[in-house]
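Convention: sequence-line order gives letters A, B, ...; per-chain numbering from 1. These numbers were taken from a predicted model, which means no experiment stands behind them.
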Number of protein chains: 2
Amino acid sequence: MNKQDDVLRAAFHGAGRRLTAQRRLILEVLEESEGHLDAEALHDRVKARAPNISLATVYRTLAVLEDMGRVEKHSLGEDHGHYEAVRDRPHYHFACLGCGKVIEFDAPEVARVVRRLNKEKGVQVTDAHLNLSGYCARCRKKQDEGMRG
Amino acid sequence: MNKQDDVLRAAFHGAGRRLTAQRRLILEVLEESEGHLDAEALHDRVKARAPNISLATVYRTLAVLEDMGRVEKHSLGEDHGHYEAVRDRPHYHFACLGCGKVIEFDAPEVARVVRRLNKEKGVQVTDAHLNLSGYCARCRKKQDEGMRG
DNA sequence: TTACCTGCAAAGGGTTTGCACTTTG
DNA sequence: CAAAGTGCAAACCCTTTGCAGGTAA
């Protein structure tokens with residue numbers, strides 16, 4: 001009914017898709033979350049506001065949104081997918097192996113690598129993921145204490 | 001029986017593990033492959049030399065080798081794991097969305113990012129993956145031709 | 001109105017696990 | 001000989017799909 005909705009509807013329509021209550025809600029939750037939810041976590045949050053949305057719809061919507069370029073799927077160490085609403089600046093991830101915390105960071109160096117690769121190998125890069133893992137400051141401290149104790 | 005075997009056995013022993021014919025073979029195949037095999041492809045190759053090795057053993061061995069730091073698991077766009085024997089120089093991957101081809105490349109820039117992150121956030125990075133995807137030179141050409149045709 | 005979307009439940013594909021047997025050290 | 005590893009098949013988990021009923025445009 002409002003302007004936001006019209007914009008969103010147009011975006012879906014442009015992709016040959018329809019705007020439904022479920023899709024609007026899923027995108028909304030994804031955008032107001034700080035990212036990196038897996039499908040089930042997202043499903044839980046969504047169900048809080050619309051109890052009978054199915055997990056299947058979550059997966060289907062994520063595929064649609066990914067296709068529309070509004071959501072990105074990441075493989076953050078874990079063996080299942082994590083999803084995140086696309087923002088303006090590209091950013092990358094560090095995942096703590098101790099507590100699971102994810103730190104986002106920017107890294108202009110990646111663009112340089114991409115440029116070089118394009119020049120040297122003639123490839124066209126459409127997507128770049130830099131995933132670091134290790135231990136965050138807090139977990140490192142804990143480890144040290146554990147060793148002492 | 002030979003020296004290589006002793007070295008390898010020592011490596012396994014050091015990790016509280018035993019050297020078995022299956023493990024030796026799996027590592028061997030992995031090391032002489034050009035990397036990026038998934039578990040099933042690896043299983044196929046291994047079976048060529050030892051027909052009754054099970055897929056379960058392949059998975060269990062991969063876990064052991066990963067744990068020992070001799071093998072790395074990658075998520076290369078596809079939704080299942082790809083494994084590769086660890087070599088000296090770190091290297092990263094570009095996966096072509098058109099033909100599936102994987103191009104490896106080095107990128108010293110990553111080390112720089114890691115250093116910066118350590119300094120700024122205090123994290124200790126133990127593992128870094130830079131995964132690019134897009135279209136290789138050949139597939140780009142094919143696309144262009146397809147548009148013209 | 002009709003093509004698209006949903007919920008449900010069942011199927012799928014990659015990976016892990018329980019168990020009885022075999023092998024390593 | 002005890003502990004660890006293997007093969008087999010069943011279990012598991014995340015994700016996808018078929019279908020009948022609902023909904024956007």
Sugar-phosphate only, base, or nothing, as touched by [X] at under 4.0 Å among non-hydrogen atoms:
| X | answer |
| --- | --- |
| A:Asn52 | sugar-phosphate |
| A:Leu55 | base |
| A:Gly16 | nothing |

[X] [atom1] to [N] [atom2], straight-line distance once rounded to whole Å:
| X | N | atom1 | atom2 | value |
| --- | --- | --- | --- | --- |
| B:Leu8 | C:dG25 | CG | P | 10 Å |
| A:His43 | C:dT6 | NE2 | P | 12 Å |
| B:Glu66 | C:dT15 | CD | C1' | 13 Å |
| B:Leu25 | D:dG5 | CG | P | 17 Å |
| A:Lys47 | C:dT6 | NZ | C1' | 16 Å |
| B:Asp6 | C:dG25 | CG | P | 10 Å |
| B:His13 | C:dG25 | NE2 | P | 9 Å |
| B:His80 | C:dT16 | NE2 | P | 13 Å |

Closest to the 5' end of DNA chain D, once A:Tyr83 and A:Arg17 are matched to their nearest nucleotides, is A:Tyr83
Does C:dG7 have its OP1 or OP2 closer than 4.0 Å to a side-chain nitrogen or oxygen of A:Gln22?
yes
Minimum heavy-atom distance B:Ser133-B:Leu97, with the two atoms named
CB-CD2, 4.0 Å
For the residue pair A:Ser75 and A:Asn131, what are the closest heavy atoms and their distance?
O-ND2, 3.4 Å
Is B:His43 reaching over with its side chain to a backbone N or O of B:Ile53, donor-acceptor style, under 3.5 angstrom?
yes
Distance-only, no hydrogens or angles: does the B:Arg24 side chain make a donor-acceptor pair with backbone N or O of B:Leu8 under 3.5 Å?
no
When the nearest nucleotide of DNA chain C is assigned to B:Thr20 and to A:Ser54 on a heavy-atom basis, which residue is associated with the more 5' position?
A:Ser54
Between N or O atoms, less than 3.5 Å apart, protein on one side and nucleotides 18-23 of chain D on the other: list the pairs.
residue, atom, partner, partner atom, Å
D:dG18, O6, A:Arg60, NH1, 3.3

Applying salt bridge (Lys or Arg N to Asp or Glu O under 4.0 Å) to B:Arg116 and A:Glu109, what does each step give before you reach the verdict?
CA-CA 11 Å; B:Arg116 187 174 67 237; A:Glu109 290 91 342; 2.6 Å; yes
Which residue is it: A:Glu104, A:His82, A:His74? I am looking for the one with a side-chain hydrogen bond (donor to acceptor under 3.5 Å, both in side chains) to A:His36.
A:Glu104
Please assess A:Arg9 against A:Arg17 for the test side-chain contact (heavy atoms from CB on, under 4.5 Å), listing each intermediate value before the final yes or no.
CA-CA 9 Å; A:Arg9 180 170 298 109; A:Arg17 300 262 151 70; over 6 Å; no
Of the candidates D:dC14, C:dG25, D:dT6, the side chain of B:Arg9 sits closest to C:dG25
